[in-house]
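Just below is one structure, and these are the notes that go with it.
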Amino acid sequence: MIVYGHRGAKGEAPENTMPGFIHAHRHGIRHFELDLVLSKDGIPVLVHDLTVDRTTGQKGSISKYTAAELAAMDARRNTSSWPRPTGIPSLEDLLDQFHDLEHLQLEVKKDSRQRLNILSNRLTEIIQRRNLYQTAAISSSDTWFLKQIRRRNQNIRIGLVTERKFPRPISMASRLGCEYLCINWKLCSKELVEQAHRRGMHVYTWTVNRIHDMLQLEEMGVDSIITDFPTSTRMFFDNRARSDLSLPQHQE
């Protein structure tokens, strides 16, 4: 079971901020899910909403602020507490910070077609320039956007983020050519996971914060879970693995 930090480590530090990623990275997390929106000056920045209202206390659309202005804000509002101010970083800030990340799920929210078109160009360029074909996947519930990514570069991995609005998510993901199926964990089933695996898809579920639920998903064959508490979750699975190794082996 691969553990992904949700928005960095949403339950342990401010979401989608550098302190959150640094905190989780120091505790051994190398897989992250994060959200991307385009700034006024065309830079992909790490933020979940299309406005700054919820996490900064300021007002307005992300599209009205430059990346520098977003970085100067304090993004600690309505999220996990943190002792020092921290702004909204860009994707390139994150990539410059770490050089040993194993995988990033880059989720793109719905936005205007014009802005998504620009964002698809920016993300394609970043992945090509940094050679992130194996290290990153772009996911979204916006099928038009996923088609734009696939049209620009066939080698970029994509994933369908699905909830109830997709009655046949595997068929939709398959038609798009997705390598990943990202599904609300409450909608997951063993049958769905098996069908996705038969189509060659990696299944990851969100947002899973109880160990009991993680173990049930593991039984279903889910490949990865996205959690707000990646460091404690990683600790649980590491301790379990050590316990399994220490058990006496049955002799035939």
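As the structure is a prediction and not an experimental result, all values here were calculated from the model.
In this structure a side-chain-to-backbone donor-acceptor pair under 3.5 Å is missing from T227 to P230. Under a 3.5 Å cut-off, the side chain of T205 and the backbone N or O of I183 do not form any donor-acceptor pair. Judged purely by atom type and a 3.5 angstrom limit, N78 has no side-chain atom pairing as donor or acceptor with the backbone of T55. Between the side chain of N16 and the backbone N or O of L34, no donor-acceptor pair lies under 3.5 Å. No side-chain donor-acceptor contact under 3.5 Å links N117 to the backbone of Q114. Judged by distance alone, with hydrogens and angles left aside, the side-chain atoms of S80 form a donor-acceptor pair with the main-chain N or O of K10 at under 3.5 Å. Between the side chain of E33 and the backbone N or O of R7, at least one donor-acceptor pair lies under 3.5 Å. With hydrogens and angles ignored, the 3.5 Å screen pairs no side-chain donor or acceptor of R234 with any backbone N or O of H27. The main-chain N or O of G60 is found under 3.5 Å from a side-chain atom of D53 such that the two form a donor-acceptor pair. Proximity of a side-chain donor or acceptor of R30 to a complementary backbone N or O of E102 within less than 3.5 Å is not detected.
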task: Mind running side chain to side chain contact (heavy atoms under 4.5 Å, CB included) on L123 and I156 for me, showing each step along the way?
output: CA-CA 10 Å; L123 292 180; I156 295 177; over 6 Å; no
task: Check the pair E92 / R130 against salt bridge (Lys or Arg N to Asp or Glu O under 4.0 Å), numbers first and verdict last.
output: CA-CA 10 Å; E92 301 255 36; R130 292 178 177 262; 2.6 Å; yes
message: Applying side chain to side chain contact (heavy atoms under 4.5 Å, CB included) to V52 and M73, what does each step give before you reach the verdict?
response: CA-CA 9 Å; V52 298; M73 294 181 183; 3.9 Å; yes
- prompt: Taking it one step at a time, do L192 and I170 satisfy side chain to side chain contact (heavy atoms under 4.5 Å, CB included)?
  reply: CA-CA 8 Å; L192 182 144; I170 296 173; 3.8 Å; yes
task: Could you please spell out the steps behind the side chain to side chain donor-acceptor pair (under 3.5 Å) verdict for Q148 and R151?
output: CA-CA 5 Å; Q148 295 306 304; R151 185 172 66 83; 2.9 Å; yes
query: Do V47 and L70 pass the side chain to side chain contact (heavy atoms under 4.5 Å, CB included) test, and can you show the C-alpha distance, the side-chain angles, and the key distance before you say yes or no?
result: CA-CA 10 Å; V47 61; L70 293 166; over 6 Å; no
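Within the 4.5 Å cutoff, the side chain of R54 has heavy atoms near those of the H48 side chain. Contact of the E107 side chain with the V161 side chain is registered, since non-hydrogen atoms from C-beta on lie closer than 4.5 Å. At least one side-chain heavy atom of R115 sits less than 4.5 Å from a side-chain heavy atom of S63. Annotation: side chain of I62 is not in contact with side chain of D111 (no heavy-atom distance under 4.5 Å). Counting heavy atoms from C-beta on, the side chains of L215 and R240 come closer than 4.5 Å. Side-chain contact between H31 and S224 is absent, with no heavy atoms from C-beta onward closer than 4.5 Å. Side-chain atoms of S141 and E163, non-hydrogen and from C-beta on, never get closer than 4.5 Å to each other. Contact annotation: the side chain of M214 approaches that of F237 to within less than 4.5 Å [non-hydrogen atoms, C-beta and beyond].
Both V108 and L132 sit in one connected hydrophobic cluster of ILVMFWY residues. Membership requires side-chain heavy atoms under 4.5 Å apart, directly or through other members. Under the 4.5 Å side-chain heavy-atom criterion for ILVMFWY residues, a single connected hydrophobic cluster contains both L106 and L176. L94 and V37 sit in two unconnected hydrophobic clusters of ILVMFWY residues. Membership requires side-chain heavy atoms under 4.5 Å apart, directly or through other members. Placement of L104 and I22 within a single hydrophobic cluster is found when ILVMFWY residues are connected by side-chain heavy-atom separations under 4.5 Å, directly or transitively. Under a hydrophobic clustering in which Ile, Leu, Val, Met, Phe, Trp and Tyr are joined whenever their side-chain heavy atoms come within less than 4.5 Å, directly or via other members, I29 and L95 fall into the same cluster.
Separating the CG atom in N121 from the CD atom in E125 is a distance of 9.5 Å, to the nearest 0.5 Å. Atom NZ of residue K64 and atom NZ of residue K59 lie 12.0 Å apart, to the nearest 0.5 angstrom. Note that OG1 of T56 is 8.5 Å distant from CG of D74, once rounded to the nearest 0.5 Å. In this structure, SG on C188 lies 12.0 Å from CD1 on I225, to the nearest 0.5 angstrom. Between atom CG of residue L181 and atom CG of residue D223 there is a gap of 10.0 Å, rounded to the nearest 0.5 Å. In this structure, CD1 in I226 is found 6.5 Å from OG1 in T207, a value given to the nearest 0.5 Å.
Residue H103 is tested with F98, Y180, Y133 for a ring-ring contact (aromatic ring centres under 6.0 Å, His included); the sole match is Y180. The salt bridge (charged side-chain N to carboxylate O under 4.0 Å, His left out) with E179 is formed by just one residue from the set R150, R157, R199; it is R150. Here the options are L46, D228, T79, the test is side-chain contact (heavy atoms from CB on, under 4.5 Å), and the partner is E15; only T79 passes.
Classification of the Y204-Y4 ring pair by plane angle, with boundaries at 30° and 60°, yields parallel.
The heavy-atom pair separating C178 from L146 by the smallest distance is SG-CD1, 4.4 Å. Looking at every heavy atom in both residues, F145 comes nearest to L116 through CE1-O, 3.5 Å. Contact between P14 and R76 at its shortest, heavy atoms only, is CG-CG, 4.0 Å. Nearest heavy atoms, G20 versus A9: O-CB, 3.9 Å. Here the shortest heavy-atom pairing between L217 and M1 reads C-CE, 4.2 Å. Taking both residues in full, the closest heavy atoms of S39 and V45 are given as CB-CG1, 4.1 Å, listed atom of the first, atom of the second, then distance.
When only modelled atom types and interatomic distance are considered, D49 and T51 share no side-chain donor-acceptor pair under 3.5 Å. Under the 3.5 Å distance criterion, with hydrogens and angles disregarded, no donor-acceptor pair is assigned to the side chains of H6 and N209. R152 and T124 share no donor-acceptor pair across their side chains, judged by distance under 3.5 Å alone.
Applying the 6.0 Å contact sphere to CZ of R168 captures no more than 12 heavy atoms from other residues, nucleotides or ligands.
Taking the side-chain contact (heavy atoms from CB on, under 4.5 Å) definition, one finds that S232 meets it with E12, F229, sequence neighbours left out. Among residues two or more places apart in sequence or in another chain, the ring-ring contact (aromatic ring centres under 6.0 Å, His included) test is passed with H197 by none.
Between F32 and F21, the ring centre distance stays below 6.0 Å.
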